[in-house]
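Below: one structure, written as structure tokens.
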Amino acid sequence: MAEIIRVENVKKIYRMGDNEVRALDGVSLVVEEGEFLIVMGPSGSGKTTLLHLMGCLDKPTEGEIYIASTPVSKLNDPQLAKIRNKMVGFVFQQFNLLPRLTALENVELPMIYAGVPKAARRRKAKELLELVGLGDRLHHRPTQLSGGQMQRVAIARALANDPVVLLADEPTGNLDSKSGEEILKIFSGLNKRGQTIVIVTHDPEVARHGDRIVRMRDGKILSEEVNVHA
Amino acid sequence: MLDMLKEAFRSIAHNKLRTALSMIGIIIGVAAVIGVVSVAEGTSRSIRQSLTSIGSNLILVSPGFTRGGGGRTATALTEVLEKEDADRIAQLCPSVRYVTPIQQGNFIVQHERQNSMATVMAARPVLFDMINVKLFQGEFFNESDERAKRRVAVIGKEVADELFPNGDALGQTIRITSGSIRQTYMVIGVLEKSGNLLFLNPDRSIVVPFASAENRLFRRKNVSMIVAQAISENMANQAVSEIDSVLFDKFQNEEKYRIVSQDALLETVNQTMAVLSFMLGSIAGISLLVGGIGIMNIMLVTVTERTREIGVRKAIGASRRHILLQFLLESIVLTFVAGLLGIAAGFGLSKLIAKIGSVQTAVTPTVVLVAVSVSIMVGLFFGVWPAMRASKLDPVEALRYE
Ligand SMILES: Nc1ncnc2c1ncn2[C@@H]1O[C@H](COP(=O)(O)OP(=O)(O)O)[C@@H](O)[C@H]1O
Ligand SMILES: [Mg+2]
């Protein structure tokens with residue numbers, strides 16, 4: 001099985017005056033192709049920080065991260081932007097759709113940065129919105145959509161450039177349990193079709209959907225287990 | 001790129017009131033530049049018009065002023081320019097087509113009980129070939145009138161209206177007097193109304209044959225001026241230097257005469273007005289700078305407000321360059337649109353000034369082009385700093401920003 005992301009002895013330390021916060025304190029982790037990985041831990045354990053590092057939004061204080069065998073510390077801004085654009089797809093707790101754009105335009109945005117021509121962009125964005133069950137909401141703006149629908153648009157957006165891995169940060173955190181369950185079903189469906197997925201969460205309900213669970217606390221990995229149901 | 005442009009327009013259209021307020025500075029600046037320069041340009045045009053409508057390639061020779069003792073400027077004319085000088089110019093200057101001496105003076109003119117003041121101008125008949133004056137009625141005097149020293153006159157429309165309030169002036173006699181001088185002339189032509197021309201106001205003039213007035217109306221040897229016309233525009237400078245050499249031969253002192261060509265006058269006017277336009281335009285342009293600061297302010301606010309959006313864009317693949325371009329484009333579009341509105345306002349302003357100030361104004365393509373490109377540059381210049389700030393935002397912090 002191919003290795004998609006390798007996190008090697010990574011530390012992330014925030015200095016605030018005399019205090020230092022060790023958000024990550026020596027984390028090592030490998031994400032394998034095709035797996036559905038859950039990173040679970042209480043609030044403040046460093047999950048979001050880890051996800052941001054894996055998605056090249058941030059750089060570690062120490063250690064190294066490899067994406068498809070490329071060490072991230074060697075990359076400059078345009079190269080990092082390219083990785084965020086093409087290799088990873090982010091899904092956030094707060095959805096983070098651009099409010100002035102329609103669902104379709106939000107999904108098109110990563111393809112604009114990738115330089116995909118307009119017609120191809122449109123077609124792909126439509127396909128993806130249909131895939132997440134929003135074929136009838138193409139021209140709605142985020143404010144005209146429910147939370148569950150917004151998160152589906154966000155998933156479609158994350159899939160726009162066929163990323164090698166989907167990184168989701170508490171994707172059901174702002175949803176009621178029913179729409180949360182629907183979102184998790186979409187993730188499971190995508191994973192069955194071969195999509196590599198990493199979800200970070202504090203919620204054991206969410207964790208049930210993964211096939212490997214990594215537990216964190218205080219910036220360290222405590223344990224790792226394979227989910228039996230899967 | 002096109003997508004980004006569309007985006008920029010959209011985000012500007014989003015907050016209309018704020019956009020309008022931030023554009024006002026640029027609109028006023030562009031309008032002020034266009035308005036002010038249009039006045040300068042209009043004035044320059046009307047001066048050029050009055051310079052050129054009298055005729056073309058004219059050269060005026062007048063007696064020089066000499067300096068008095070003790071550094072005071074003496075007003076004494078050196079009375080030396082005479083009609084023989086005009087004859088010599090006619091003979092010796094191949095680049096000169098026509099030349100005539102001119103005597104000028106103010107006289108009282110009368111017809112029966114009507115009287116009026118007029119400038120009597122004694123000139124040879126070629127004058128009518130040199131300058132653009134048209135007849136309202138009758139005819140010009142000719143060479144035979146000149147040779148025979150006939151006392152015939154072509155009079156201006158205003159003078160004619162005053163002397164002959166209810167009738168035909170042609171064939172009537174007028175009396176021209178000044179002190180002990182008193183002569184009668186017969187009206188053979190009336191000039192069309194024309195307004196002030198370079199060196200004469202035809203409407204208030206009476207033109208008579210030079211020979212007929214010599215020793216009668218003007219009992220002196222010196223002439224008021226000599227007017228010559230070069231064969232063509234290309235020969236104008238040549239003509240001036242030929243005339244100069246003829247006159248210098250005689251006077252041996254270049255202070256004693258002055259030669260002014262129409263071209264030189266035009267050149268001076270053009271240069272002066274160009275400098276004036278530039279200066280006035282630049283002063284008005286300062287308001288563009290102030291407008292630019294307004295744009296910068298609004299863009300800084302926009303960047304702060306949209307911190308989260310910037311974070312999201314970076315998370316889905318925007319590089320620093322993308323973000324920089326996005327915000328730069330926004331401020332350029334903002335100032336460009338403001339520039340266009342400013343042009344419209346500038347046109348309005350120029351029309352308004354023309355109406356209430358009763359001056360001629362003219363909006364040239366150059367000033368429009370300059371004003372718009374300057375406003376785009378202002379957008380670029382004042383947009384760079386906010387756009388740089390946006391592009392340098394740390395995506396993680398931008399995403400946490402509420
Ligand atoms: N920019 C920052 N400056 C200082 N401390 C931070 C910053 N970002 C995160 N932290 C700290 O790092 C720790 C881990 O945060 P985070 O990764 O958000 O945890 P989680 O997502 O598991 O709740 C927390 O204690 C948080 O306060
Ligand atoms: Mg978190």
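Just so it is clear, the model here is predicted, and its values are computed rather than measured. Residue numbering restarts at 1 for every chain, and letters A, B, ... go by the order of the sequence lines.
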Can you tell if the side chain of [X] reaches within under 4.5 Å of the side chain of [Y], non-hydrogen atoms only?
{"X": "Val367(B)", "Y": "Val33(B)", "answer": "yes"}
{"X": "Val372(B)", "Y": "Ile343(B)", "answer": "yes"}
{"X": "Phe36(A)", "Y": "Leu166(A)", "answer": "no"}

- Item | Region of Leu57(A) that comes under 4.5 Å of a non-hydrogen atom in chain B |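 The answer is both parts of Leu57(A).
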- Query: Is chain B contacted by the side chain of Ile83(A), its backbone, both, or neither, given a heavy-atom distance below 4.5 Å?
  - Reply: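 Neither the backbone nor the side chain of Ile83(A) comes within 4.5 Å of chain B.
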- Item | Over all atoms of both residues, closest heavy-atom pair of Ala154(A) and Phe95(A) |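 Smallest heavy-atom distance, with atoms named: CB-O, 3.9 Å.
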- Minimum heavy-atom separation for Ala168(A) to Phe187(A), with atom names?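 Residues Ala168(A) and Phe187(A), closest heavy atoms: CB-CZ, 3.8 Å.
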If the cut-off is 3.5 angstrom, what donor-acceptor pairs do you find between chain A and chain B?
residue, atom, partner, partner atom, Å
Asp77(A), OD2, Arg320(B), N, 3.0
Arg84(A), NE, Lys314(B), O, 2.7
Asn85(A), ND2, Ile316(B), O, 2.9
Asn96(A), OD1, Arg308(B), NE, 2.9
Asn96(A), OD1, Arg308(B), NH2, 3.0
Arg100(A), O, Arg10(B), NH1, 3.2
Glu105(A), OE1, Arg10(B), NH1, 3.2
Glu105(A), OE1, Arg10(B), NH2, 3.3
Glu105(A), OE2, Arg10(B), NH2, 2.5
Tyr113(A), OH, Arg313(B), NH1, 2.8
Arg121(A), NH1, Asp3(B), OD2, 3.2
Arg121(A), NH2, Asp3(B), OD1, 3.1
Arg121(A), NH2, Asp3(B), OD2, 3.4

- For the side chain of Thr172(A) and the backbone of Leu175(A), is there at least one donor-acceptor N/O pair under 3.5 Å apart?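 Looks like no, no N/O pair under 3.5 Å.
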- Message: Considering only residues two or more places apart or on different chains, which pairs with a residue in residues 347-373 of chain B satisfy ring pair (Phe, Tyr, Trp, His ring centres under 6.0 Å)?
- Response: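 Qualifying pairs, neighbours excluded: none.
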